[in-house]
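Okay, structure first, notes after.
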There are 2 protein chains.
Amino acid sequence: MTAASTTTRDQQREETRERIVAAALEAFAEKGFRGASTRDIARRAGTNQGLITYHFRSKDELWRAAIDRVFATLGTHLLDTATAGQEDPREALREGIRQYVRFNAAHPELFRLMVDEGKSSDERMTWLIDTHMRPRFEAIERRLEADGRIDPALLPHAFYAMVGAGSLIFAVAPECRRLTGLDPETRSAIETHAEFVARLLVP
Amino acid sequence: MTAASTTTRDQQREETRERIVAAALEAFAEKGFRGASTRDIARRAGTNQGLITYHFRSKDELWRAAIDRVFATLGTHLLDTATAGQEDPREALREGIRQYVRFNAAHPELFRLMVDEGKSSDERMTWLIDTHMRPRFEAIERRLEADGRIDPALLPHAFYAMVGAGSLIFAVAPECRRLTGLDPETRSAIETHAEFVARLLVP
DNA sequence: GTCTATAATTAGATAGAC
DNA sequence: GTCTATCTAATTATAGAC
């Protein structure tokens with residue numbers, strides 16, 4: 001086996017894994033962990049069910065790969081849009097919130113998965129928190145405590161208020177369209193919501 | 001068959017249906033529509049699976065009965081706590097929000113079911129909106145438009161911000177406990193959150 | 001690395017005993 | 001009205017051909 005063919009095979013491996021993970025993210029967010037079937041995921045990825053257990057040992061491990069992926073996307077999104085050198089700390093905070101809202105508009109999966117898992121204390125939930133959520137929560141905690149502008153006891157309330165206010169409308173976009181007539185996925189609706197939530201939390 | 005025995009049978013019928021609906025609400029909120037099994041629901045209700053299809057034709061119809069139940073509970077809760085004769089309209093609005101938050105603390109199922117259904121445009125979602133959500137949304141709409149204190153174009157944003165901010169922390173209570181150390185189900189946490197969200201939306 | 005075939009469970013819905 | 005037994009279909013995970 002030549003080096004070239006090895007590379008090609010590795011590339012194909014990664015491409016296939018990537019397709020499956022993307023399809024899994026979509027399916028898990030849409031139907032929940034139990035509701036999504038590996039057959040449906042395979043179909044969405046344009047492959048077969050057997051290949052999923054080849055690349056990922058189990059449905060559980062595939063779910064973890066999907067979560068890893070969405071948090072990696074969140075990380076790069078927030079890094080790319082970080083406002084360095086913003087003078088007004090309140091405006092810097094607002095812009096951080098706006099960017100978080102924009103991310104939720106582009107990736108409603110994150111919130112859906114969070115709600116799907118956060119309600120029961122199983123092993124997936126503890127893994128999700130310990131691996132991905134705690135580091136982010138503590139970063140926010142440190143930032144706000146350094147500012148000294150919020151009572152630390154209120155931080156959990158502010159955190160879940162921000163996440164809920166900034167994500168729900170996109171997570172239930174089909175419902176929002178039918179209920180209110182507003183399509184939250186349009187550019188103007190996203191910007192309006194980002195500004196609304198940013199001003200809500202940092203008046 | 002005597003009138004007395006008929007009454008007893010009807011009572012038992014209603015009791016059984018009620019037990020099943022309560023168990024279904026619990027299971028659907030915990031695991032989602034697809035994730036919850038009728039066998040599990042029967043077990044929670046202390047009965048068997050066959051009885052579910054006897055009282056409710058299908059899993060779908062059982063789900064509708066569960067939704068009817070939680071919205072009925074919301075209705076009586078908001079009626080019972082309605083603040084008649086509050087002079088300051090802003091304070092009346094705040095108190096309405098506080099009561100909504102308190103309801104979510106006591107019944108996190110409503111939000112979980114909303115998120116579970118709102119993401120896909122299937123028949124259950126349209127039924128949920130048309131039957132239960134639109135009347136409530138329009139009532140809020142009329143109330144706020146009469147006040148004339150909010151731009152009607154912002155109403156959907158304010159609505160979903162309020163629902164998200166006021167519900168999420170209770171809907172993912174196990175997660176909140178592990179992530180932040182705060183137990184959102186304690187009386188003091190509920191009151192803190194109610195006040196936080198009320199002041200957020202009506203400063 | 002990819003696919004088909006299949007084993008072992010579990011699902012919702014039905015039939016029939018009591 | 002309640003329960004057990006069962007049918008059909010779908011699920012995850014595995015085995016083995018290519």
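Heavy atoms only: backbone and side chains are in, while hydrogens, waters and symmetry mates are out. Throughout, protein chains are lettered first and strands after them, A, B, ... in sequence-line order, and every chain is numbered starting at 1.
Taking the nucleotide of DNA chain C with the nearest heavy atom to each of A:N48 and B:F33, the more 5' of the two is matched to A:N48. Toward the 5′ end of DNA chain D lies the nearest nucleotide of B:R13, the other residue of the pair B:Q49 and B:R13 mapping further downstream.
Taking atom OH on A:Y54 and atom P on C:dT2, their separation rounds to 8 Å, with Å as the unit. Across the protein-nucleic acid pair, A:L51 atom CG and D:dA13 atom C1' stand 14 Å apart, rounded to whole Å. In this structure, B:I41 atom CD1 and C:dT10 atom C1' are separated by 15 Å, rounded to whole Å. Rounded to whole angstrom, the span from the CZ atom of A:F56 across to the C1' atom of C:dG1 amounts to 13 Å. Look at CD1 on A:I52: it is 15 Å from C1' on C:dG1, rounded to the nearest Å. Distance CD1 (B:I20) to C1' (D:dT2): 10 Å, rounded to an integer number of Å.
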Could I get a table of every N or O pair under 3.5 Å where one atom is in the protein and the other is in nucleotides 8-11 of chain D?
{"from": "D:dT11", "atom 1": "OP1", "to": "A:S37", "atom 2": "OG", "distance (Å)": "3.4"}

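If you check the side chains of A:E95 and A:Q99, you find a donor sitting under 3.5 Å from an acceptor.
Using cut-offs of 30° and 60° for the angle between ring planes, the A:F28 and A:F33 rings count as parallel.
The side-chain heavy atoms of A:L93 and A:L144, taken from C-beta on, include a pair separated by under 4.5 Å.
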Return a table of donor-acceptor pairs under 3.5 angstrom between the side chains of residues 158-172 of chain B and protein atoms on other chains or two or more places apart.
{"from": "B:Y160", "atom 1": "OH", "to": "A:E175", "atom 2": "OE2", "distance (Å)": "2.8"}
{"from": "B:S167", "atom 1": "OG", "to": "B:Y100", "atom 2": "OH", "distance (Å)": "3.4"}
{"from": "B:S167", "atom 1": "OG", "to": "B:N104", "atom 2": "OD1", "distance (Å)": "3.2"}
{"from": "B:S167", "atom 1": "OG", "to": "B:N104", "atom 2": "ND2", "distance (Å)": "3.3"}
{"from": "B:S167", "atom 1": "OG", "to": "B:V163", "atom 2": "O", "distance (Å)": "2.7"}

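A sub-4.0 Å separation between OP1 or OP2 of C:dG12 and a side-chain N or O of B:S58 is absent. Here A:T16 does not reach the OP1 or OP2 of C:dG1: none of its side-chain N or O atoms lies under 4.0 Å away.
No donor-acceptor distance shorter than 3.5 angstrom exists from the side chain of A:R43 to the backbone of A:N48, with no hydrogens or angles considered.
Scanning for side-chain contact (heavy atoms from CB on, under 4.5 Å) contacts around A:R13 gives A:R17, A:Y54, A:H55, with sequence neighbours left out.
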